[in-house]
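Working notes, beginning with the structure itself.
Model, not experiment: these values are computed from the prediction.
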Amino acid sequence: MRKVTIRTPARLHFALIDLNGALGRIDGSIGLAIDEPNFQIEAEPSNHVQVESVHYQERARGVVERLQAKFGIGGVNLKFRSEIPYHSGFGSGTQLALGIAQSVNLLYDLDLSVTDLARAVGRGGTSGIGVAAFEGGGFILDGGHSYPDQKSSFLPSSAAEQTPPPPTLLRHPFPDWDVLITVPNCTRIAGLTEVNLFQKLCPQPRSTAEQLSHLILLRLLPAIFEENLAVFGEAVNSIQKFGWKQVEIDAQGEVLRETLNFLLDNGAAGAGVSSWGPAIFAFGENLIELQEKTRVYLKRTAAGGTCFITKANNMGAEVKM
């Protein structure tokens, strides 16, 4: 009996670019695939749907049942050896769905592309970073969706399942820089709360998209290509100060903002919030020292939290059969 083992990346979501639509497109995203945290999933064909998971039993079962209904396949036995924390800014929903879908794709010889799988499981309806991270890793820029033809309203990916994944405009290997991830224990924003924030606060001003596009094109991306950590950090810091990213930070409140400021005050060249957080990513010259300072800081706060160092993932999901 065949067995498939899949190890997915996680993703850091740096920003949504255009939540205005004046040019006939909305969304657009930048982000980075990282090695940890990750899903490691072992899958075998079965007559039934069986899931061994700490946090994702029901969600994993739902993904399989959706694939069964669409493709008429049999069951699958899924064992999760590691799991991405949910609603933390790591894109767990997309990696979970694609990890399972790719397992089924290989076990049942469906011969589907990653884009086909994303459509089948309803991912990529706002940001394409998670889909592209799964497919090939690296630093990613996507081109958003035609507005209002492909997508007629401002919604998160979880509420835009009928919208196809956006085109990947750039996927570039990320430099071999350490990434410090800090996750303070604060709000998890998802579901109806997330939908309501999109509906209440969009559209954003056209000037926001123009400013962010300028910053990405002539500051952030050149710094990645030239491997200039200082300029890259400055660009990341600038992104946190306006537009939708400021909305995301404000929605989390003081615990997140104070942790972000602590990282910047203690040696980070650049630090930002991934999606709605609470995961914060930081770059700098001496992240081991900053990690130790951050551990002490988190222990002293009422909320607490965790931190760890990881690297970019420049390959995407790994498959063994």
Side-chain angles (χ1 to χ4, degrees), residues 3-13 31 33-44 46 48-68 75-104 107 117-118 120-127 129-131 133-134 156-159 161 179 181-195 248 251-252 255-256 273-281 298 303-308 310 313 316-319:
K3 179 170 74 172
V4 171
T5 300
I6 290 185
R7 182 181 185 274
T8 79
R11 67 95 175 102
L12 300 175
H13 198 279
I34 56 173
D35 272 334
E36 294 180 3
N38 53 61
F39 283 115
Q40 294 186 52
I41 306 170
E42 294 179 0
E44 294 178 315
S46 172
H48 308 283
V49 179
Q50 299 172 295
V51 181
E52 294 183 20
S53 169
V54 176
H55 299 293
Y56 290 98
Q57 281 201 4
E58 292 305 315
R59 289 191 65 178
R61 183 178 294 275
V63 172
V64 175
E65 291 173 350
R66 181 168 181 159
L67 294 166
Q68 287 178 315
V76 62
N77 181 11
L78 299 173
K79 296 180 181 179
F80 286 73
R81 300 305 186 188
S82 64
E83 300 182 4
I84 298 174
Y86 56 89
H87 301 327
S88 297
F90 296 120
S92 61
T94 296
Q95 300 308 312
L96 173 77
L98 290 179
I100 295 171
Q102 185 67 287
S103 300
V104 168
L107 290 174
L117 296 174
V121 294
R123 305 306 300 185
T126 298
S127 168
I129 302 302
V131 176
F134 183 91
S157 292
S158 60
E161 292 189 352
V179 188
I181 305 296
T182 302
V183 188
N185 292 329
C186 51
T187 307
R188 264 62 174 173
I189 295 175
L192 188 58
T193 300
E194 186 180 15
V195 171
E248 292 172 331
Q252 283 284 0
V255 171
L256 187 79
V273 178
S274 179
S275 188
W276 294 98
I280 301 170
F281 53 89
L298 291 170
T306 59
C307 63
F308 58 92
T310 186
N313 176 310
E318 299 176 25
V319 178

Pairing residues for [X] by the side-chain contact (heavy atoms from CB on, under 4.5 Å) criterion, not counting sequence neighbours:
| X | value |
| --- | --- |
| E42 | K3, T5, K79, R81 |
| A43 | V76, L78, S103, L107 |
| E65 | R61, Q68 |
| R188 | H87, S88, V183, P278 |

Which residues share a salt bridge (Lys or Arg N to Asp or Glu O under 4.0 Å) with E36, sequence neighbours left out:
none
Taking side chain to side chain donor-acceptor pair (under 3.5 Å) as the definition, give me every residue that meets it alongside [X], ordered by chain and number, with sequence neighbours left out.
| X | answer |
| --- | --- |
| T310 | none |
| D35 | N313 |
| R7 | none |
| Q50 | none |

Where do [X] and [Y] come nearest, in terms of heavy atoms and distance?
| X | Y | answer |
| --- | --- | --- |
| L96 | R59 | CD2-CB, 3.8 Å |
| I84 | P9 | CD1-O, 3.6 Å |
| Q252 | C186 | OE1-SG, 3.5 Å |
| V51 | F80 | CG1-CE1, 3.9 Å |
| V131 | A118 | CG2-CB, 3.9 Å |
| G130 | R11 | CA-CG, 4.2 Å |

Would you confirm whether [X], through its side chain, and [Y], through its main-chain N or O, come within 3.5 Å as a donor-acceptor pair?
| X | Y | answer |
| --- | --- | --- |
| S157 | S127 | yes |
| Q102 | I6 | no |
| T94 | R123 | no |
| S274 | H13 | yes |
| N77 | E44 | no |
| S46 | G75 | no |

Pairwise distance [atom1]([X]) to [atom2]([Y]) - rounded to 0.5 angstrom:
| X | Y | atom1 | atom2 | answer |
| --- | --- | --- | --- | --- |
| I100 | L67 | CD1 | CG | 8.0 Å |
| L12 | I280 | CG | CD1 | 11.5 Å |
| F134 | L117 | CZ | CG | 7.5 Å |
| I41 | E83 | CD1 | CD | 9.0 Å |

The ring pair (Phe, Tyr, Trp, His ring centres under 6.0 Å) partners of F90 (sequence neighbours excluded) come to none
Under the ring pair (Phe, Tyr, Trp, His ring centres under 6.0 Å) test, residues paired with Y86 that sit two or more places apart:
H55
Are any non-hydrogen side-chain atoms of P156 and W276 less than 4.5 angstrom apart?
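No; the side chains remain at least 4.5 Å from each other.
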